[in-house]
Amino acid sequence: TIYTEWIDNKRALCMFGAYEFLARDVHLAFLGKQVSEEDLAAVEAYFSEDHRSENAMTGALEGKNLILVLMESIDDWLINEETTPTMCRMMEEGINFPNMYTPIFGGAATLNSEFCGYTGLTAPVNGTPVVNYTNNAYPYALPFLFRGNGYKAKSFHYNWASYYNRLNIHTSVGFEEYVSYLEYEEDETAQQDSTLAKNGEIYQKFTEDIPFFNLVITFSGHASLSGEAYSHKDDAIKLYPQYIGMYDSPEMDSISAKARLTDDMFTELLARLEEDGLLEDTVIIAYGDHYDYTIHDQDYLKELSDAQNVYELSKTPFFIWAEDLEPQEITKVVNTTDIYPTICNLFGLDNRGYFLGNDMFDENYEGYAY
């Protein structure tokens, strides 16, 4: 399969060696595979049809503001009353999906999960969207769909726009503005996710246009390291010393303190939105980018995550919260590609059914994770 389909360059090179790899690559580059007229006709016929279906949740959140939160390294075992009390409350009050899996596609786990969430497409197995797909057109990406319904679409993150080439990829998928916290705060403060709500200028940009679709990429949980260090110069365990000794590992203690900083963002954001009268018209959808694969003690991680193997480690949090949602728990297995069609269905967005995943509320969808 590797040789015939040539889908993974790294594996192909390892399996067949440099000479055969080069010969096969040249062959495919200059001769390639011929696409038949029948194949082209089948593809054109598929895209000429509307593949959407309706269910009880179709259009249920139409017209509301949406905050889509990509949670950096927030793993399922971190969701508990001691570490993430606000997230626990939002899961209880909203719609919780305890069997969400976020497989790692390609070489940039965070960016690839982010890309999948707002396009419904997976990244290439041997690359990243910023390398392979930046110049493509994405008329069905969530930012463009929301803008077509009168929304303002912005993205918010700690780091500079040049990191991960995010300014270019975010522009390609339809975001109108990229807001970096470093433009408004010193590095140590900007690293804390709650800066989004605490900094007046950033929060003003966040809420100045109604209705809005805002993507938030958290940072506080990034790059787990042994000892006290958590991201760059900050030290989460010093801000939350009560987590010292919570686990049989200083590393896990530090990671828990970092997760608390992400939870603080939700706490601050909910309070501020309520104070400004925006909460009742706002939906928050949050998902993890990946499990924390940087943890050194993988055996202990499997124990905490109740995972039997490395694949089960990819189970991460996913929830939908709004004030008027009926609380429920959906236990089917779902995955990152399902986020996009689910949002389209909830907000009544016309994507014609062009996506890889499935609407999580579709009763005919039994659920799976790749």
Side-chain angles (χ1 to χ4, degrees), residues 69-93 96 98-102 104 109-110 158 181 185-198 216-271 286-319:
V69 183
L70 179 73
M71 300 184 292
E72 169 67 50
S73 298
I74 300 299
D75 212 339
D76 61 335
W77 64 275
L78 292 167
I79 305 300
N80 56 70
E81 293 292 344
E82 291 75 25
T83 304
T84 53
T86 300
M87 278 190 258
C88 284
R89 177 172 68 85
M90 295 174 76
M91 290 177 176
E92 292 172 359
E93 296 175 352
N96 187 35
N99 288 309
M100 157 64 88
Y101 286 81
T102 54
I104 296 175
T110 298
Y158 149 75
Y181 305 164
E185 293 281 3
E186 293 297 323
D187 188 61
E188 293 188 10
T189 303
Q191 290 177 32
Q192 298 182 29
D193 293 331
S194 57
T195 298
L196 172 69
K198 288 182 176 180
V216 178
I217 306 165
T218 71
F219 182 79
S220 292
H222 191 273
S224 302
L225 300 171
S226 296
E228 296 181 348
Y230 83 95
S231 289
H232 292 295
K233 292 178 288 188
D234 274 358
D235 189 350
I237 209 72
K238 290 180 180 178
L239 295 172
Y240 282 109
Q242 63 265 39
Y243 291 99
I244 297 175
M246 176 176 284
Y247 295 95
D248 296 329
S249 165
E251 184 180 33
M252 301 306 191
D253 295 343
S254 177
I255 293 165
S256 297
K258 294 190 295 178
R260 181 57 182 266
L261 293 179
T262 298
D263 194 72
D264 287 346
M265 180 203 70
F266 288 104
T267 306
E268 297 284 345
L269 189 57
L270 289 173
Y287 71 106
D289 56 350
H290 53 74
Y291 79 96
D292 199 335
Y293 55 82
T294 66
I295 290 175
H296 293 90
D297 192 345
Q298 292 287 301
D299 290 334
Y300 192 22
L301 178 61
K302 289 178 182 178
E303 179 183 335
L304 292 173
S305 291
D306 192 26
Q308 303 302 310
N309 52 57
V310 67
Y311 304 108
E312 292 184 5
L313 285 175
S314 289
K315 186 165 71 172
T316 55
F318 177 73
F319 62 88

Given Met246 and Tyr240, is the side-chain contact (heavy atoms from CB on, under 4.5 Å) satisfied, shown in steps?
CA-CA 12 Å; Met246 176 176 284; Tyr240 282 109; over 6 Å; no

Of all residues at least two apart in sequence or in a different chain, which pass the side chain to side chain donor-acceptor pair (under 3.5 Å) check with Ser256?
none

Could you give the distance from OG1 (Thr86) to CG (Asp264), rounded to the nearest 0.5 Å?
7.5 Å

Closest non-hydrogen atom pair between Thr262 and Ser220, with its separation
OG1-CB, 3.8 Å

How far does CG of Asn96 sit from CE of Met90, to the nearest 0.5 angstrom?
11.0 Å

Are side-chain heavy atoms of Val69 and Thr218 found at a separation under 4.5 Å?
yes

Could you give the distance from CG (Leu261) to OG1 (Thr84), rounded to the nearest 0.5 Å?
12.5 Å

Greater than 12 external heavy atoms within 6.0 Å of Asp306's CG
no

Parallel under 30°, tilted from 30 to 60°, perpendicular over 60°: which one fits the rings of Phe219 and His222?
parallel

Output all residues satisfying side chain to side chain donor-acceptor pair (under 3.5 Å) with Tyr247, sequence neighbours left out; order by chain, then residue number.
none

Using side-chain contact (heavy atoms from CB on, under 4.5 Å), reason through Tyr291 and Ser305 one step at a time and then give a plain yes or no.
CA-CA 10 Å; Tyr291 79 96; Ser305 291; over 6 Å; no

Please identify each residue that fulfils side chain to side chain contact (heavy atoms under 4.5 Å, CB included) with Glu268, with sequence neighbours left out.
Ser194, Ala197, Lys198

Between Glu303 and Asp299, is there a side-chain heavy-atom distance shorter than 4.5 Å?
no

Atom OG1 in Thr110, atom CD1 in Ile104: separation rounded to 0.5 Å?
8.5 Å

Residues Trp77 and Asn80: closest non-hydrogen pair is O-ND2, 3.4 Å

Between atom CD of Glu72 and atom CG of Asp292, what is the distance when rounded to the nearest 0.5 Å?
8.0 Å

Test side-chain contact (heavy atoms from CB on, under 4.5 Å) applied to Leu313 and Tyr293, step by step
CA-CA 9 Å; Leu313 285 175; Tyr293 55 82; over 6 Å; no

Those residues at least two apart in sequence (or on a different chain) that pass salt bridge (Lys or Arg N to Asp or Glu O under 4.0 Å) with Glu312 are none

Please say which of Asp75, Asp76, Thr102 ends up in a side chain to side chain donor-acceptor pair (under 3.5 Å) with Thr316.
Thr102

Under the side chain to side chain contact (heavy atoms under 4.5 Å, CB included) rule, collect the residues that match up with Thr195, sequence neighbours excluded.
Tyr181, Glu185, Thr189, Gln192, Asn199, Ile202

I'd like to check the side chain to side chain contact (heavy atoms under 4.5 Å, CB included) partners of Glu186; sequence neighbours left out, ordered by chain and number.
none

Any residue meeting side chain to side chain donor-acceptor pair (under 3.5 Å) with Ser314, in chain and number order, not counting sequence neighbours
none

Value rounded to 0.5 Å, distance of CG in Leu301 from CE in Met252
5.0 Å

Those residues at least two apart in sequence (or on a different chain) that pass side chain to side chain donor-acceptor pair (under 3.5 Å) with Asn99 are none

What are the two closest non-hydrogen atoms of Ser73 and Gly221, and how far apart are they?
CB-O, 3.2 Å

Going through the distances and angles, do Ile79 and Phe319 end up as a side-chain contact (heavy atoms from CB on, under 4.5 Å)?
CA-CA 12 Å; Ile79 305 300; Phe319 62 88; over 6 Å; no

Side chains of Tyr158 and Asp187, donor plus acceptor under 3.5 Å
yes

Minimal non-hydrogen separation, Asp263 against Thr83, with atom names:
CB-O, 4.1 Å

State, yes or no, whether a side-chain contact exists between Met71 and Pro317 at a heavy-atom distance under 4.5 Å.
yes

So, using salt bridge (Lys or Arg N to Asp or Glu O under 4.0 Å) as the criterion, who are the partners of Asp253 when residues are at least two apart?
none

By ring-ring contact (aromatic ring centres under 6.0 Å, His included), which residues pair with Tyr311, not counting sequence neighbours?
none

For Glu92, give me all partners under side chain to side chain contact (heavy atoms under 4.5 Å, CB included), at least two apart in sequence or on another chain.
Glu81

Contacts of Phe318 that satisfy ring-ring contact (aromatic ring centres under 6.0 Å, His included) - sequence neighbours left out
Phe97

